[in-house]
Amino acid sequence: MEPGVRRNLVVLLSVCVIFGLAVGVYDVLLPYYLDFLGMSMQTMGLIFSVAALVIALTSIYIASLSDIWGRKSFYSAGVLIGALAASLTPLAKASPLLVVAKTLREAATRFRDSLQGVLIYEFASKRFMDFFSKTRGLEYLSEGSGQMVAGTMLILAGFSGSFYICAAMLLVAAGLFVAGFREQRRRDRAEASRLPLGEVFSLRLPRPLALITVSSFVFSLGLSTSHCFIMPLFFAKKFGASVVQVSMILGLHRLSLALPLIFTGALIRSSFKRLYLLSMLYEGFALAVSGVAPSLLTSAAVWLTHDVGGAGLWIPIQAGFIQRYARPELRARDASRVRALGSLGWIFGPILAGLLAPVSISLPFVASGLIVASSALPIVMLRDAPDLR
């Protein structure tokens with residue numbers, strides 16, 4: 001491995017670990033914080049949905065600018081915005097400010113997610129799946145660790161102290177990335193002034209990317225119905241689980257995705273499309289079954305398999321497909337457009353969860369699984385799937 005590639009990979013891995021730890025704590029505590037403030041589930045759903053809408057639109061433009069200005073400044077901004085979100089949250093007591101805080105939190109993850117695959121592909125395209133899955137896996141491993149300690153941190157530091165600790169970690173991560181990561185020079189920045197908004201927000205995509213986008217939209221609609229504010233509250237309200245028990249379950253949830261990802265990028269060598277399809281189908285099945293399981297142990301056990309047999313397999317495959325199908329001169333814009341348009345499902349999933357949960361706390365999980373399973377259908381129509389070896 002060349003020294004420059006090794007340096008960038010080490011810096012990116014370090015930032016991912018710190019970012020994952022902070023986000024893991026934040027994401028467990030935010031729904032509890034909203035519940036502590038007396039927010040209804042419908043209001044929680046609205047807060048999550050508005051944030052998803054705003055970021056889906058802005059992330060495409062940010063990624064388009066990165067095709068011209070470079071990736072580093074926007075990736076760094078994403079981490080810094082995460083620090084701002086964490087520090088603002090304990091100061092927000094009403095819905096409008098909480099929408100701002102949640103929007104900033106989503107911006108932090110979305111800007112990074114839009115650019116991380118592009119960064120890795122540009123400095124290590126020949127080992128993309130291996131490096132991508134390892135960085136993502138270690139980030140989820142760290143995020144799971146954060147989720148596991150979130151309950152204890154809440155007891156020791158309270159909401160304000162916990163959120164401020166998250167902000168401090170993200171500031172450290174941003175400084176590390178700015179100081180250590182090296183990228184290639186991009187095109188002249190003057191071109192940014194000639195970036196038409198109509199072109200940026202166009203829905204035109206190569207057919208394979210359009211199919212992946214449709215699949216991603218259906219998937220994010222389904223996933224966000226169970227993976228929003230309802231995720232910790234489901235186990236707490238249906239089975240009476242304590243905040244420490246819930247944080248442990250959510251921590252194991254992230255570990256169940258992290259560990260497969262660390263290895264799958266290097267191990268998967270064939271049948272990419274078939275694995276993509278089967279893993280998405282299994283993920284939907286496990287989510288639906290966990291919603292109707294009779295006990296906390298059974299529900300958590302089944303639920304924890306949805307990433308082991310699901311996202312742990314298809315995430316690196318999907319990322320590889322997107323980079324291969326993306327147009328080289330518009331790589332960040334194409335990749336971000338797929339993710340941004342696909343993520344629009346996150347606008348509707350939390351609202352759906354807010355409507356279903358008062359009827360039955362199990363319904364968001366059941367609906368989530370059925371919708372996730374149906375997201376495999378557009379991938380069936382994906383012809384000439386690339387060989388990612």
Side-chain angles (χ1 to χ4, degrees), residues 21-55 81-110 143 146-170 224-251 253 346-365:
L21 186 63
V23 165
V25 173
Y26 184 93
D27 284 354
V28 170
L29 296 187
L30 181 61
Y32 281 101
Y33 182 62
L34 298 179
D35 193 48
F36 170 76
L37 294 176
M39 299 286 176
S40 69
M41 290 193 178
Q42 290 87 346
T43 302
M44 292 184 200
L46 185 62
I47 290 171
F48 277 61
S49 296
V50 171
L53 174 61
V54 173
I55 297 308
I81 288 171
L84 178 60
S87 60
L88 177 62
T89 300
L91 304 177
K93 308 296 183 183
S95 297
L97 282 178
L98 288 166
V99 168
V100 173
K102 178 59 177 171
T103 300
L104 291 173
R105 156 67 184 90
E106 290 302 311
T109 295
R110 190 66 57 77
E143 189 174 328
Q147 291 175 334
M148 292 178 77
V149 303
T152 303
M153 185 178 292
L154 176 61
I155 294 171
L156 296 177
F159 283 116
S160 295
S162 299
F163 288 133
Y164 289 141
I165 290 171
C166 292
M169 288 191 289
L170 292 171
S224 61
T225 304
S226 63
H227 281 54
C228 57
F229 65 89
I230 201 67
M231 187 163 59
L233 300 181
F234 167 77
F235 296 105
K237 294 185 180 296
K238 181 170 182 175
F239 302 111
S242 69
V243 63
V244 174
Q245 288 176 314
V246 171
S247 68
M248 289 295 293
I249 292 171
L250 297 189
H253 167 227
W346 280 88
I347 299 169
F348 307 104
I351 294 176
L352 181 59
L355 294 173
L356 294 175
V359 179
S360 170
I361 197 70
S362 300
L363 281 179
F365 273 52

Contact summary for [X] and [Y], nearest pair of heavy atoms:
X	Y	value
S160	P90	OG-CB, 3.6 Å
P350	F229	O-CE2, 3.6 Å
A107	I81	CB-CG2, 3.9 Å
A167	A86	N-CB, 3.7 Å

Taking the side chain as C-beta and beyond, is there a heavy-atom pair between [X] and [Y] under 4.5 Å?
X	Y	result
V25	Q147	no
M41	K237	yes
S362	K238	yes
P232	L250	yes
H227	H253	yes
L233	M44	yes
W346	T225	no
L91	L97	no

From L34, L88, I47, residue fulfilling side-chain contact (heavy atoms from CB on, under 4.5 Å) relative to K102: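 Output: one option passes, namely I47.
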Result of checking L356, I361, L363 against I230 for side-chain contact (heavy atoms from CB on, under 4.5 Å):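 With I230 as partner, L356, I361, L363 yield a single side-chain contact (heavy atoms from CB on, under 4.5 Å), made by I361.
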Report the distance from atom [atom1] of [X] to atom [atom2] of [Y], rounding to the nearest 0.5 Å.
X	Y	atom1	atom2	result
L154	F36	CG	CZ	9.5 Å
Y32	L37	OH	CG	15.0 Å
I165	S87	CD1	OG	13.5 Å
I351	S49	CD1	OG	3.5 Å
E143	L21	CD	CG	9.5 Å

Trace of the side-chain contact (heavy atoms from CB on, under 4.5 Å) decision for L104 with T89: CA-CA 10 Å; L104 291 173; T89 300; over 6 Å; no
Using a 3.5 Å distance criterion without hydrogens, assess whether the side chain of [X] forms a donor-acceptor pair with backbone atoms of [Y].
X	Y	value
T109	E106	no
T43	M39	no
S226	F365	no
Q245	S242	yes

side-chain contact (heavy atoms from CB on, under 4.5 Å) evaluation trace for L30 with F48: CA-CA 11 Å; L30 181 61; F48 277 61; 4.2 Å; yes
Ring centres under 6.0 angstrom apart (Y33, F163):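 Judged by ring-centre distance (under 6.0 Å), Y33 and F163 do meet the cut-off.
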side-chain contact (heavy atoms from CB on, under 4.5 Å) between R105 and D27, intermediate numbers included: CA-CA 9 Å; R105 156 67 184 90; D27 284 354; 2.6 Å; yes
Pair S162-Y26, side-chain donor/acceptor within less than 3.5 Å: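 No, because no side-chain N or O of S162 sits under 3.5 Å from a partner of the opposite role on Y26.
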